[in-house]
Amino acid sequence: MDHRTFIKLLPRDVLRRLRETEDKPGLVHLAGHAGLIAFLGTWIWQGWPLWWVALVMQGVAICFLFTLEHEATHKTPFASAWLNEWVGRGAGFLILLPFEWFRHFHLAHHKYTNIPGKDPELLAGAKPETRWQYVKYVSGVGYWTSMARQIVRNAYEPADDDYVPSGKRLQIQLEALIQLILYGVVAVSLFFTPFLLWVWLIPVLLGQPFLRLYLLAEHGRCAFVANMFENTRTTYTNRIVRFLAWNMPYHVEHHSLPQVPFHKLPELHHLMQGSHKALSNSYSEFTAEFVSDLR
């Protein structure tokens with residue numbers, strides 16, 4: 001059975017309920033995630049014991065806002081459209097990932113998941129095949145440089161990527177220009193106080209490798225087919241990771257029904273039992289298997 005057949009077999013009332021969005025679960029989760037970032041930032045800035053360990057934890061917490069931005073492109077974390085838009089933009093600013101551009105990149109990824117020549121994630125060379133490529137990927141250097149180039153490119157001229165609708169190109173250009181101005185303000189602020197350097201910039205450099213390892217499990221070593229049960233992986237993990245990743249370790253579930261908000265993915269996972277073709281018991285298990293297969 002493929003994911004399309006599974007969806008057709010779901011009772012209509014169940015499918016409708018799964019797709020209903022709400023503000024409260026998203027706001028509660030956001031408060032917890034933002035509160036964690038604020039606490040860790042205070043820990044670092046005050047120089048409390050083991051503040052250097054908090055640098056890494058802060059980086060992980062901020063970098064995993066990617067999963068919130070990712071969900072916001074689907075307009076599912078909140079029922080209020082404006083919340084999805086502005087929370088997504090805020091998260092994208094913190095991790096150098098322009099929200100408006102990423103929306104179209106990501107929706108194309110959903111349309112052509114793991115299909116060579118069509119999935120923009122594959123076209124971007126996101127899946128390392130050698131040990132050297134793996135080291136570069138996990139370091140995050142490739143991510144930061146490519147996204148910096150993307151923002152500058154978007155600001156210089158309207159985006160001409162195939163997956164960007166012509167009517168959205170000027171909006172993406174404006175977004176990039178605003179981001180560059182704001183990053184300029186951040187750079188100037190560093191001449192007056194190192195606050196953002198220690199609570200944001202250094203942490204995200206340290207935290208990005210953890211996000212890279214997490215993301216690699218979503219489709220790495222999965223089949224190049226259209227069936228979401230085969231081209232996407234769900235990974236079992238602990239509550240902390242599920243919290244930071246907004247339940248996106250349930251990734252088969254998300255790709256099969258991207259209209260389902262994050263807080264209902266565990267229920268969808270239960271309904272989907274026995275259908276998964278790609279499952280890992282942990283991220284450490286997946287990482288060990290992935291590395292052992294590298295050239």
ask   = Do the charged groups of R17 and E267 touch, with an N to O distance under 4.0 Å?
value = yes
Nearest heavy-atom approach of N154 to A176 is CB-CB, 3.6 Å
Donor-acceptor pair, side chain of E100 and main chain of E175, under 3.5 angstrom: no
(request) Give a yes-or-no answer on whether the side chains of H33 and W246 include a donor-acceptor pair shorter than 3.5 Å. (result) yes
*asked:* Can a donor-acceptor pair be found, under 3.5 Å and without considering hydrogens, that links the side chain of S80 to the backbone of L83?
replied: no
Does atom NZ of K75 have more than 12 heavy-atom neighbours, drawn from other residues, nucleotides or ligands, at distances under 6.0 Å? no
### Query
Within the side chain of N227, is there an N or O that forms a donor-acceptor pair under 3.5 Å with the backbone of H3?
yes
So CD1 of I44 and CG of L197: to nearest 0.5 Å the spacing works out to 10.5 Å
Under a side-chain separation threshold of 4.5 Å, the hydrophobic residues clustered together with M228 are none
*SB check R221 E129 (cutoff 4.0 Å)*: yes
Pair R103 + E85, salt bridge at N-O below 4.0 Å: yes
Practice task
Decide yes or no for L244 and Y214: does some side-chain heavy atom of the first lie under 4.5 Å from some side-chain heavy atom of the second?
Solution key: no
### Task
State yes or no: do V135 and Y137 share one hydrophobic cluster built from I, L, V, M, F, W and Y residues joined by side-chain heavy-atom distances below 4.5 Å, directly or via other members?
no
d(L15 CG, L257 CG) to nearest 0.5 Å is 6.0 Å
Hphob cluster co-occupancy, I151 + F93, side-chain heavy atoms under 4.5 angstrom
yes
Exercise for review: Would you please test I178 and L174 for side chain to side chain contact (heavy atoms under 4.5 Å, CB included) and show each step?
Suggested key: CA-CA 6 Å; I178 293 172; L174 178 61; 4.0 Å; yes
Q.
Can a side-chain donor-acceptor contact be found between T232 and E218 if the only test is distance below 3.5 angstrom?
A. no
Between Q173 and R169, do the side chains contain an N or O donor and an N or O acceptor separated by less than 3.5 Å? no
So do the side chains of L94 and F66 get within less than 4.5 Å of each other, counting heavy atoms only? no
**Request:** Could you tell me whether the side chains of H110 and H254 share a donor-acceptor contact shorter than 3.5 Å?
**Result:** yes
Query raised in the report: Is a donor on one side and an acceptor on the other found under 3.5 Å between the side chain of K277 and the backbone of A223?
Result: no
> Any side-chain heavy atom of H269 sitting closer than 4.5 Å to one from L265?
Replying inline: no
Closest non-hydrogen contact found for A226 with I115 is N-CD1, 4.0 Å
Does CG belonging to D162 count more than 12 external heavy atoms closer than 6.0 Å? no
(Q) Does R233 qualify as a cation-pi partner of F286, given the criterion of NZ or CZ under 6.0 Å from the six-membered ring centre and within 45 degrees of its axis? (A) no
Here the pair of heavy atoms bringing G88 nearest to A72 is CA-CB, 3.8 Å
Q) Okay, side chain of N231, backbone of C222: is any donor-acceptor separation there less than 3.5 Å? A) no
Is it true that D161 and R153 make a salt bridge, defined as a side-chain N closer than 4.0 Å to a carboxylate O?
-> yes
All N/O donor-acceptor pairs, side-chain side in residues 47-64, below 3.5 Å, sequence neighbours left out:
| from | atom 1 | to | atom 2 | distance (Å) |
| --- | --- | --- | --- | --- |
| Q58 | NE2 | I37 | O | 3.3 |
| Q58 | NE2 | V199 | O | 3.0 |

Polar contact flag, side-chain donor to acceptor under 3.5 angstrom, H255-T113: yes
Does a salt bridge link R89 with E69, judged by any charged N lying under 4.0 Å from a carboxylate O? no
CZ of F105 to CH2 of W101, rounded to nearest 0.5 Å, is 5.0 Å
- Check against side chain to side chain contact (heavy atoms under 4.5 Å, CB included), N247 and E253: CA-CA 10 Å; N247 273 341; E253 294 74 9; over 6 Å; no
### Message
Contact between T130 and L294 at the side-chain level, heavy atoms closer than 4.5 Å - yes or no?
### Response
no
message = For the backbone of P120 and the side chain of Y163, can you confirm whether one donor and one acceptor N or O come within less than 3.5 Å of each other?
response = no
Hey, any chance F6 and Y250 share a hydrophobic cluster, counting ILVMFWY side chains that come within less than 4.5 Å of each other, even indirectly?
yes
(message) Can you confirm whether V138 sits close enough to L216 that some side-chain heavy atom of one is under 4.5 Å from a side-chain heavy atom of the other?
(response) no
Hydrophobic cluster identity match, I240 and L36, side-chain contacts under 4.5 Å:
yes
Is a side-chain donor or acceptor of S280 paired with a backbone partner of S282 at a separation under 3.5 angstrom?
no
| Is the shortest heavy-atom distance from the side chain of F78 to the side chain of V87 under 4.5 Å? | yes
Find out whether F229 and S256 are in side-chain contact, i.e. whether some heavy atom of one side chain is under 4.5 Å from a heavy atom of the other.
yes
Here the gap from L206 atom CG to I202 atom CD1, rounded to the nearest 0.5 Å, amounts to 7.5 Å
Interatomic distance, CD@Q259 vs CZ@R19, rounded to 0.5 Å, equals 4.5 Å
ask   = Can H106 and H70 be counted as having a side-chain donor-acceptor contact under 3.5 angstrom?
value = yes
Nearest heavy-atom approach of A79 to D23 is N-OD1, 2.8 Å
- Do the side chain of H29 and the main chain of F243 share a donor and acceptor less than 3.5 angstrom apart? yes
Discussion item. In this structure, would V204 and V141 fall into the same cluster of hydrophobic residues linked by side-chain contacts under 4.5 Å?
Written reply: no
With a sphere of 6.0 Å drawn around CZ of F210, does it hold more than 12 non-hydrogen atoms of other residues, nucleotides or ligands? no
Looking only at side chains, do H219 and N114 share a donor and an acceptor under 3.5 Å apart?
no
So, Y183 versus Q179: side-chain donor-acceptor pair below 3.5 Å or not?
-> yes
| request: Output, in order, the C-alpha distance, side-chain angles, deciding distance and verdict of side chain to side chain contact (heavy atoms under 4.5 Å, CB included) for K118 and K111. | output: CA-CA 9 Å; K118 293 185 176 182; K111 185 176 181 179; over 6 Å; no
- Tell me, yes or no, whether the heavy-atom count around W45 atom CH2, taken from other residues, nucleotides or ligands under 6.0 Å, exceeds 12. yes
The reported gap from OH in Y143 to CD in Q150 (rounded to nearest 0.5 angstrom) is 11.0 Å
May I ask you to decide if M1's main-chain N or O and T5's side chain share a donor-acceptor pair within less than 3.5 Å? no
When you look at CZ of R239, are more than 12 heavy atoms from neighbouring residues, nucleotides or ligands closer to it than 6.0 Å?
no
Subject >> Close side-chain approach of V188 to V185, heavy-atom, < 4.5 Å >> reply: no
Discussion item. Are more than 12 heavy atoms, taken from residues, nucleotides or ligands other than L9, located less than 6.0 Å from that residue's CG atom?
Written reply: yes
**Asked** Between T237 and T235, does any side-chain donor sit less than 3.5 Å from a side-chain acceptor?
**Response** no
P128 and F290 have their tightest heavy-atom pair at O-CZ, 3.5 Å
Here the pair of heavy atoms bringing A148 nearest to L96 is N-CD2, 3.9 Å
### Message
Can a donor-acceptor pair be found, under 3.5 Å and without considering hydrogens, that links the side chain of S189 to the backbone of V186?
### Response
yes
